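Only one structure is covered here, and it is reproduced in the block below.
The structure presented is a predicted model; accordingly, all values stated were derived computationally and were not measured.
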Amino acid sequence: MDKVRSRFHGIAGIQVHSLVEEAPFQGCPRTNLAVCDKTSCDPGGEQKKAGPDLRRKLVLRAALISLSESRTLRALAEKSSIGRRMSGRFVAGTRVEDALRAASVLNQAGLSVSLDNLGENVSTAEEARQSAQLYDRLLSEISARGLNANVSLKLTHMGIDVDPQLAYSNVAGLVEKAASMTPKNFVRVDMEGSSYTQRTLDLVHQLHRQAGNRQCVGAVIQSYMRRSEDDVAKLLQDGIRIRLCKGAYNEPAEVAYQEKSEVDSNYVKLMKILLKSRVYHGLATHDEKIIREAQAFASRENVARDAFEFQMLYGIRRDLQQSLLREGWRMRVYVPFGTEWYPYLMRRLAERPANLLFVARNLLRK
């Protein structure tokens, strides 16, 4: 049996595990290591070919995902001023005004934006209503300030675990508002774990079919999910806009691909379907190889550069964002904000452990 030595190190006053593998890697459960972000993940290479460096990265990634689920660490981190500094690289701030200011700066640089109030799995109807009210305010402010921005939300933040009808009503109200604006705006319903997949897609289909809502609500498809090709086909039948990403949660092998090569291959396959669909979609990835493949495919198939967009996370690969913009491609930046930033930050670190260096540098800055 594999043995893993666990050492505790204080980082910014928060206790986190530093896992150091001491035995053969084969015993680590694959379902704990296939972790991907909603826009760009790296679920690890083939197990049998993993060298020492890759094995250490995979163990660290699994540890960070585990930490993202710790309620104790989350409570400590989100109340800590130093913890908030740690999040600064990847989260625009804690207030609506912080997010709007970040959106304005990005717009001035030629980048469009999707605003996301961080939070998930609310436990009361009142919390769900407050979340919906905040998004209502966001849409109003986007319009008033003339920002090139839309919004992204999670159904668990809208109360689906509390009352599915309440969640539907909350999202329906926001989509109706987005559709009534001049110019019309857009609400993206983010994808969460596989237990929410069908309910999320059902809601998007239902809202999109309502009079006036067409092209004002969209879905997210994760390429690591085995069902995704069928889901894409059904969404395209209704002309629904899709954000294509790699994945965001630990899933068992029966529902999700476990190897990076499989996830990437499916992403490229789905990307080609989307680009030929004549519906405006978002390709969410920081993977330069996939980006270049998408560009080449668009050129071969005469897909206009303004017929789709690339999407990336706030604070990650800003150089690549600007490079794509200079080349004439559309680019949208996903801008998260809010006090409940801890799970989001830990997933970003798990996605690419090198991001730990960014956090460390930020903590050392005056």
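Between L324 and M312 the shortest side-chain heavy-atom distance falls below 4.5 Å. Counting heavy atoms from C-beta on, the side chains of V171 and L207 come closer than 4.5 Å. Inter-residue side-chain proximity for F186 and R241 is flagged as met; some heavy-atom pair is nearer than 4.5 Å. With a 4.5 Å cut-off on side-chain heavy atoms, Y224 and K246 do not count as touching. In this structure, V175 and V189 have side chains that are not in contact, with every pair of non-hydrogen atoms separated by 4.5 Å or more. The shortest distance between side-chain heavy atoms of E251 and M225 falls below 4.5 Å. With a 4.5 Å cut-off on side-chain heavy atoms, L115 and N150 do not count as touching. V333 places none of its side-chain heavy atoms less than 4.5 Å from the side chain of S114.
Closest approach of L166 to A128, counting heavy atoms only: CD2-CB, 4.0 Å. Taking every heavy atom of both residues into account, N117 and G338 meet most closely at ND2-CA, 3.9 Å. Heavy atoms only, all atoms of each residue included: V335 and A102 are closest at CG1-CB, 4.3 Å. Across every non-hydrogen atom of H281 and I240, the tightest pair is CE1-O, 3.5 Å. For the pair P336 and L118, the tightest heavy-atom approach, listed with the atom from each and the gap, is CB-CD2, 3.6 Å. S228 approaches N266 most closely through the heavy-atom pair CB-ND2, 4.4 Å.
The salt bridge (charged side-chain N to carboxylate O under 4.0 Å, His left out) analysis of residues 209-227, with sequence neighbours excluded, yields the pairs R209-D238, R227-D231. Pairs passing the salt bridge (charged side-chain N to carboxylate O under 4.0 Å, His left out) check and including a residue from residues 122-135, sequence neighbours excluded, do not occur. The salt bridge (charged side-chain N to carboxylate O under 4.0 Å, His left out) pairs that include a residue from residues 168-183 are D136-K177, where partners are two or more places apart or lie in different chains. Each salt bridge (charged side-chain N to carboxylate O under 4.0 Å, His left out) pair with one or both residues in residues 196-206, not counting sequence neighbours, would appear here, but there are none. Pairs engaging residues 116-167 under the ring pair (Phe, Tyr, Trp, His ring centres under 6.0 Å) rule: none recorded [sequence neighbours left out].
Criterion: ILVMFWY side-chain heavy atoms under 4.5 Å apart, direct or through other members. Under it, W329 and L106 are part of a common hydrophobic cluster. Both M181 and L138 are members of a single hydrophobic cluster when ILVMFWY side chains are connected at heavy-atom separations under 4.5 Å.
D98 pairs by the salt bridge (charged side-chain N to carboxylate O under 4.0 Å, His left out) definition with R95, R101, not counting sequence neighbours. Contacts of E97 classified as salt bridge (charged side-chain N to carboxylate O under 4.0 Å, His left out), with partners at least two apart in sequence or in another chain: R145. Y314 meets the ring pair (Phe, Tyr, Trp, His ring centres under 6.0 Å) test with no other residue; sequence neighbours excluded. Residues satisfying the salt bridge (charged side-chain N to carboxylate O under 4.0 Å, His left out) criterion with K269, sequence neighbours excluded, are E229. Residues satisfying the side chain to side chain contact (heavy atoms under 4.5 Å, CB included) criterion with A109, sequence neighbours excluded, are L111, Q322. Partners of E288 under the salt bridge (charged side-chain N to carboxylate O under 4.0 Å, His left out) rule, at least two apart in sequence or in another chain, are R317.
Annotation: the span from R243 atom CZ to M191 atom CE amounts to 11.0 Å, rounded to 0.5 Å. The line from OH of Y168 to CG of L155 is 11.5 Å long, rounded to the nearest 0.5 Å. With rounding to the nearest 0.5 Å, the separation of CE in M158 from CG in L203 is 11.0 Å. Once rounded to the nearest 0.5 Å, the distance linking CG of N170 with CD1 of I160 reads 11.0 Å. Here the CD1 atom belonging to I242 is positioned 14.0 Å from the OH atom belonging to Y280, to the nearest 0.5 angstrom. With values rounded to the nearest 0.5 angstrom, L139 atom CG is found 10.5 Å from E141 atom CD.
With respect to the salt-bridge test (charged N to carboxylate O, under 4.0 angstrom), the residues K234 and D230 do not qualify. Using a cut-off of 4.0 Å between Lys/Arg side-chain N and Asp/Glu carboxylate O, K154 and E192 are scored as not salt-bridged. Remark: K289 does not engage D264 in a salt bridge, criterion side-chain N to carboxylate O under 4.0 Å. No salt bridge links R188 with D116; every basic N to acidic carboxylate O contact stays at or beyond 4.0 Å.
S223 places a side-chain N or O within 3.5 Å of a backbone atom of V263 that can act as its donor or acceptor partner. Side chain of E309 to backbone of S112: no donor-acceptor contact under 3.5 angstrom is found.
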Would you tabulate the side-chain donor-acceptor contacts of residues 297-307 under 3.5 Å, counting partners in other chains and residues two or more places apart, or write 'none'?
{"from": "S299", "atom 1": "OG", "to": "Q295", "atom 2": "O", "distance (Å)": "3.1"}
{"from": "R305", "atom 1": "NH1", "to": "E327", "atom 2": "O", "distance (Å)": "2.2"}

>> Would V217 and H208 count as a side-chain contact (heavy atoms from CB on, under 4.5 Å) here? Give the steps.
In response: CA-CA 6 Å; V217 61; H208 191 266; 3.8 Å; yes
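Y196 and D161 form a side-chain donor-acceptor contact under 3.5 Å, judged by distance and modelled atom types alone.
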